[in-house]
Amino acid sequence: MNDVLHRFVGPVALGLLVMACGTESTTNPDENPGQSDTDPTTAPSTDPAEETPLPDYQGDADDDASFLFNSDEILTFEIDVDPANMAILDADPVAEEYVPATLRYQGEEFSDVGLRYKGSIGSFVGCTEVFGFPPSGAKTCPKLSMKVKVNYTDNGLRFHGLKKLQFHAMNSDETQLREMLSYYLFRAMGIPAPRTVPMRLLINGEMAGVFLLVEQIDGRFTRSRFGDGGKGNLYKEIWPMYSDDAPYISALETNEDENPSVEKVQRFRQALDDATSTEELVAVSDSWIDRQYIMNFLAVDRSIVNDDGSMHWYCNSYGQGVEACSPHNFFWYEDTKADKMWLVPWDTDLTFRESHVTSIPAVWNDDNPECLSDFASLGMYIPPNCDPLISAWASLKDDYAKALRVLLDGPFAAGNVATLLDGWQEQMAAAVAEAHAVNGEQIDPDRWNSNIEAFKVDTYRRRSAVEDLAAP
C-alpha cells in the first residue's frame with residue numbers, strides 16, 4: 001500500500017472491521033456487450049458545441065482467456081501445494097506471502113506457480129484468530145480469497161495469456177452474485193471492467209469451496225481493452241489531486257520499472273486546480289474524460305450502490321476538507337494517443353446494499369454538499385462532489401439522467417437481470433451444495449437460495465430508486 005493510501009486506511013478498516021463480523025445467460029455480457037444500435041460507447045457527444053473524440057475502448061477482449069470467462073459451466077481449478085507450505089499460509093494469511101504450488105486445469109499443468117491469500121483488511125477481519133485492527137493470526141474461515149502468480153519463477157509463463165489468477169472467496173456476499181452482476185452492468189454500458197466466472201477450487205484434492213475467477217487489471221488488461229495499444233500508465237487508487245509526483249509513481253501498476261513519467265496526469269491535475277468555476281471544471285473534464293463514458297460509469301456505480309468505490313471519500317480526520325480524504329477501489333488508465341483518462345471500477349463485492357458500514361450518507365450530486373468531513377457509520381467521509389472533478393460531473397444532471405435511462409431500459413432491465421441471476425444460480429448450485437457437504441461451515445444451499453431471492457428483490461428496489469432520476 002502506498003503512502004497516500006495510508007492516509008485513509010484507518011477509517012476504512014474500522015468500518016470493515018464491524019462489517020466482517022457479522023452460465024452466462026442468453027444475454028451474454030462477455031461477447032462485446034453493448035454493441036447494439038444503442039451502444040453507449042458510440043453515442044455522440046452530449047455537448048453539441050464540443051467535438052469530443054469517441055471513446056477508444058474496444059469492448060471485451062477476444063483473447064486467449066475468453067473461453068474461460070464465456071463458459072456457461074462452472075470451472076474447476078486444482079492446486080497442489082506442499083502441506084508444510086499450506087500450513088505457512090494458514091498460519092498468517094494477512095502476510096500475503098507466496099509459496100510455490102502447482103496449478104492444474106482440465107489436463108493442463110503449471111508447475112512452480114506462486115500461491116498466497118489476498119485481500120484488504122476487511123477480507124481478513126473475522127477470519128483470523130486475532131480479532132483486531134489489523135487482524136492477525138491463523139486462518140479461521142473455511143475459505144479466503146487467493147491469488148495465483150503464474151509467472152512466479154518464469155517471468156514469461158502465462159495461463160492462456162494471464163499472469164495472475166484472482167480467486168475471490170466472496171465471504172462478504174452470501175448470494176455469491178454481486179460482483180458478477182456489478183461488473184456485467186459496467187461492461188454492458190461500455191466500461192472496461194473485469195470479466196468473471198464462478199469456479200470450484202480443489203486444494204490437494206479436497207474441495208476448498210466456490211470462488212469467483214476475477215480478471216486481473218494489469219497491462220494485459222489495458223492492451224486488450226484500449227485502442228491506443230494499452231501501453232499507457234495504469235494507476236491504482238490514486239486521484240488526480242497531488243502536486244507531488246511520488247504518489248502517482250507509487251500507484252503505478254504498469255510502466256513502473258521503465259523510468260515512468262507522470263507528466264500527463266499532472267497536467268490533468270493542474271488543469272483542475274486552475275479552474276475557477278463549475279463551467280471551467282466541466283470544460284476540463286470534457287477535455288480529458290469522455291462525457292458519455294463517465295456518465296455511463298456513474299449511472300452504473302450509483303445504481304448498484306457501489307459505496308466502497310470511487311465515490312466514497314474516506315477521511316483521516318474530522319472537520320477537514322477534501323484534501324484530507326481519498327476514495328479507493330478503482331483504477332485510472334492514461335491514454336497514450338491523446339490527453340485522455342479512463343476510470344475503471346474494481347472490487348464490487350459490497351454493492352446493492354442500501355445500508356452497511358461503507359454507505360455514503362450524502363447524495364453524490366447534491367447541489368449544496370457540506371464539505372467538511374463528518375462521521376459515516378464508524379469512519380469519516382466527505383461528500384464526493386466536494387472534489388472538484390466530481391463536482392463537475394455532478395452538475396451534468398441531464399446527461400446523467402439520460403445514461404440512467406439507457407441503463408434501466410437495457411442491461412438493468414428487470415427481465416434481463418432476472419435471466420442473469422437465474423442462470424448463474426443454476427450454474428453454481430451443485431458446487432455450492434458440494435462445498436457445504438464437504439465443510440458444514442460453507443454456506444448452506446437453502447440459505448444461499450434464500451439470499452438470492454432477497455437479492456432479486458433488492459435489484460428491483462434499486463431500479464425503483466433510480467427510476468425517477470432517469471430522463472423520460
Side-chain angles (χ1 to χ4, degrees), residues 16-22 74-99 101-105 115-132 134-148 165-180 196-214 347 349-350 356 424-425 427-452 454-455:
L16 290 174
L17 176 65
V18 173
M19 177 196 66
C21 299
I74 195 162
L75 307 182
T76 297
F77 286 88
E78 300 179 63
I79 291 177
D80 289 342
V81 56
D82 187 293
N85 284 330
M86 197 69 223
I88 291 173
L89 295 183
D90 289 342
D92 188 10
V94 182
E96 296 190 323
E97 294 180 356
Y98 285 106
V99 299
T102 296
L103 174 72
R104 292 189 177 89
Y105 176 78
L115 176 69
R116 69 170 173 86
Y117 290 116
K118 64 172 289 288
S120 62
I121 291 174
S123 301
F124 296 114
V125 171
C127 285
T128 60
E129 284 183 335
V130 180
F131 188 90
S136 60
K139 169 178 172 282
T140 57
C141 286
K143 62 177 180 175
L144 287 172
S145 295
M146 308 193 83
K147 180 176 287 189
V148 175
L165 303 179
Q166 303 250 9
F167 299 159
H168 286 197
M170 303 177 287
N171 284 338
S172 62
D173 174 19
E174 289 202 330
T175 73
Q176 316 279 276
L177 302 179
R178 297 178 190 273
E179 281 188 280
M180 282 195 286
T196 63
V197 65
M199 52 166 281
R200 299 165 65 244
L201 178 62
L202 306 182
I203 297 179
N204 291 337
E206 182 174 331
M207 175 66 162
V210 177
F211 291 74
L212 188 68
L213 176 63
V214 179
D347 201 358
D349 61 320
L350 297 180
H356 54 92
W424 290 329
Q425 187 176 8
Q427 183 180 7
M428 299 168 64
V432 170
E434 177 191 7
H436 180 70
V438 171
N439 184 339
E441 292 186 47
Q442 302 267 10
I443 188 167
D444 178 87
D446 290 337
R447 190 169 84 247
W448 177 66
N449 285 309
S450 295
N451 277 300
I452 291 176
F455 182 40

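- The closest side-chain heavy-atom distance from E97 to I88 is not below 4.5 Å.
- Considering every non-hydrogen atom in both I443 and H436, the closest pair reads O-CB, 3.5 Å.
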Inset, instruction - Dump the intermediate steps for side chain to side chain contact (heavy atoms under 4.5 Å, CB included) on Y98 and K147, then the final yes or no. - result: CA-CA 9 Å; Y98 285 106; K147 180 176 287 189; 3.2 Å; yes
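- I79 places a side-chain heavy atom less than 4.5 Å from the side chain of F167.
- Between the CZ atom in R200 and the OG1 atom in T76 there is a gap of 4.0 Å [rounded to 0.5 Å].
- When all heavy atoms of P198 and I74 are compared, the pair lying nearest together is O-CG1, 3.4 Å.
- Annotation: the span from L89 atom CG to E96 atom CD amounts to 11.0 Å, rounded to 0.5 Å.
- Side-chain contact, D92 with Y117: no donor N or O sits under 3.5 Å from an acceptor N or O.
- Proximity of a side-chain donor or acceptor of S145 to a complementary backbone N or O of A169 within less than 3.5 Å is detected.
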Inset, instruction - Dump the intermediate steps for side chain to side chain contact (heavy atoms under 4.5 Å, CB included) on L75 and Y105, then the final yes or no. - result: CA-CA 9 Å; L75 307 182; Y105 176 78; 3.5 Å; yes
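- Scanning both residues, D349 and D173, for their nearest heavy atoms gives O-CB, 4.2 Å.
- Taken from CG in L115 to CG in D82, the straight-line distance is 12.0 Å, to the nearest 0.5 Å.
- Qualifying salt bridge (Lys or Arg N to Asp or Glu O under 4.0 Å) partners for D347, counting only residues two or more places apart in sequence or in other chains: none.
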Legend entry - Pair L201-K143, side chain to side chain contact (heavy atoms under 4.5 Å, CB included): steps then yes or no: CA-CA 10 Å; L201 178 62; K143 62 177 180 175; over 6 Å; no
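- Minimum heavy-atom separation, V432 to P445: CG1-CA, 4.2 Å.
- Nearest heavy atoms, I203 versus M86: CG2-SD, 4.1 Å.
- Side-chain contact between F77 and L213 is present, with heavy atoms from C-beta onward closer than 4.5 Å.
- The distance from the CD atom of E179 to the CG atom of L212 is 5.5 Å, given to the nearest 0.5 Å.
- In this structure, CD in Q442 is found 8.5 Å from CG in N171, a value given to the nearest 0.5 Å.
- With D90 contributing its side chain and A138 its backbone, the two residues share no donor-acceptor pair below 3.5 Å.
- Between the side chain of N85 and the backbone N or O of V99, no donor-acceptor pair lies under 3.5 Å.
- With rounding to the nearest 0.5 Å, the separation of CG in N451 from CD in Q176 is 9.0 Å.
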Inset, instruction - Go through the steps to decide whether E129 and T140 satisfy the test side chain to side chain contact (heavy atoms under 4.5 Å, CB included), and finish with yes or no. - result: CA-CA 6 Å; E129 284 183 335; T140 57; 3.9 Å; yes
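- Here the closest heavy-atom approach between residue W448 and residue T175 is recorded as NE1-O, 2.9 Å.
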